[in-house]
Amino acid sequence: ADTALYAAKRSGGRRHAFFHKELAEQARRHLALDGDLRSALANRQFRLHYQPKVSLIDLSLEGFEALLRWEAPGKGMISPGEFIPVAEDTGFIVPLGDWVLDEACRQQREWLDAGMKPVPVAVNISPRHLRHRSAEDFRRIIDSHGLPPELIELEITEGAVMQDLDHALAVLGALKEMGIRVAVDDFGTGHSSLSYLKRLPVTTLKIDRSFIGGIPEEREDIGIVSTIIAMAEILGLDVVAEGVEKNEQANFLRRHNCTLVQGWLTGRPVAPETAVSLLARRLPEHA
Ligand code: C2E
Ligand code: MG
Ligand code: MG
Ligand code: MG
């Protein structure tokens with residue numbers, strides 16, 4: 001029994017040392033990547049791609065979501081899933097997030113000046129960015145491009161709101177007063193309660209794509225998605241379905257009165273040069 005205990009202790013100790021080493025390793029990786037990210041911003045290696053939000057009623061373009069891309073020389077395009085968590089961890093997300101908002105506003109201004117159809121452009125705001133900025137900070141960036149506030153939308157997650165509820169409620173309330181649209185992103189995956197949702201000054205719920213994936217086969221997803229749509233209607237919020245890839249999903253959503261979708265079925269994220277052709281395209285007269 002003694003030797004068994006000794007062995008357990010030893011392996012526990014080794015496991016501890018292993019986790020410690022893992023953490024140190026991760027910290028080192030994050031620090032190195034943080035340096036790369038900072039020079040990438042200075043060297044203009046970030047780009048925004050734009051994914052259309054489309055109405056299922058007439059397939060008209062109703063908005064864009066700006067999605068960050070890192071074009072690292074020799075490494076190709078690196079997806080935000082790989083570097084946003086690091087930027088969030090190190091704090092670099094604050095200047096990076098400011099850049100994203102500024103760049104989306106600059107692009108929106110350019111499109112409006114070229115006479116394109118005015119549709120809102122949405123920008124993702126990470127939890128740490130939200131915590132470190134006021135509504136005035138966001139407003140200042142939007143104003144500096146002379147944009148009508150309703151043509152910019154901020155997407156935040158439930159987690160970002162819950163991390164510092166008082167601050168988030170104050171910022172979102174002020175943004176709403178200013179006419180800036182706010183969407184709850186990945187809705188259904190966080191843990192905000194219905195009572196918070198009722199108090200949350202937002203304009204839109206975006207149904208997370210993990211629920212859309214099971215439509216129209218899975219009973220649970222059918223229930224969840226139709227409930228979120230019904231709830232949005234009761235609360236007077238717009239609702240957008242994310243990750244719509246199949247016609248069957250679009251048909252289900254249309255039947256349940258969710259007419260705004262974003263997904264591969266109606267358009268992948270594209271470079272600005274391609275996005276502008278979507279804005280310029282006129283619907284056929286008979287449509
Ligand atoms: P998100 O805000 O929920 O953005 C939607 C993600 O789903 C995008 O991935 C988009 O390309 C992907 N997507 C859209 N339609 C479909 C579909 O039909 N099927 C599938 N499988 N995927 C689809 P992406 O561009 O890789 O971005 C991932 C996440 O990274 C975003 O999720 C967002 O949380 C974050 N992110 C992207 N850009 C920014 C940014 O500028 N700032 C911050 N803070 N986060 C960003
Ligand atoms: Mg988003
Ligand atoms: Mg989302
Ligand atoms: Mg998502």
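Remember, it's 1-based here, ligands and their atoms both numbered in the order they're listed.
In this structure, the side chains of E110 and P272 stay at 4.5 Å or more apart for every pair of heavy atoms. Looking at I152 and F138, their side chains never come closer than 4.5 Å, going by heavy atoms from C-beta outward. Looking at heavy atoms from C-beta onward, L61 lies in side-chain contact with F64 at the 4.5 angstrom threshold.
No part of S79 comes within 4.0 Å of ligand 1, judged by heavy-atom distances. At a heavy-atom distance under 4.0 Å, only side-chain atoms of E65, from C-beta outward, approach ligand 1.
Of the options W99, W264, F83, the smallest heavy-atom separation from atom 18 (O) of ligand 1 is shown by W264. By heavy-atom distance, the residue among I93, N124, V100 lying nearest atom 33 (C) of ligand 1 is N124. With L67, T189, D186 as candidates, the residue nearest to atom 8 (C) of ligand 1 on a non-hydrogen basis is L67.
Using a cut-off of 4.0 Å between Lys/Arg side-chain N and Asp/Glu carboxylate O, R209 and E242 are scored as not salt-bridged. At a threshold of 4.0 Å, the pair E65-K53 does not count as salt-bridged, since none of the basic side-chain nitrogens sits closer than that to a carboxylate oxygen. Taking the charged nitrogens against the carboxylate oxygens, R140 and D143 have no contact shorter than 4.0 Å, which rules out a salt bridge.
Using a 30° and 60° split on the angle between ring planes, Y50 and W111 fall in the perpendicular class, above 60°.
Annotation for ligand 1: atoms under 4.0 Å from non-hydrogen atoms of E242 are 3 (O).
Residues satisfying the side-chain contact (heavy atoms from CB on, under 4.5 Å) test with E273, not counting sequence neighbours, are A271.
Residue-to-ligand polar distances place L68 within reach of ligand 1: an N/O pair is separated by less than 3.5 Å. Remark: ligand 1 and D185 share an N or O pair separated by less than 3.5 Å (distance only, no angle test).
Of all heavy-atom pairs between F46 and L41, the closest is CE1-N, 3.6 Å.
For the Mg ion (ligand 2), protein N/O/S neighbours under 2.8 Å (waters excluded) are E65 OE2, N124 OD1, E155 OE1, D185 OD2.
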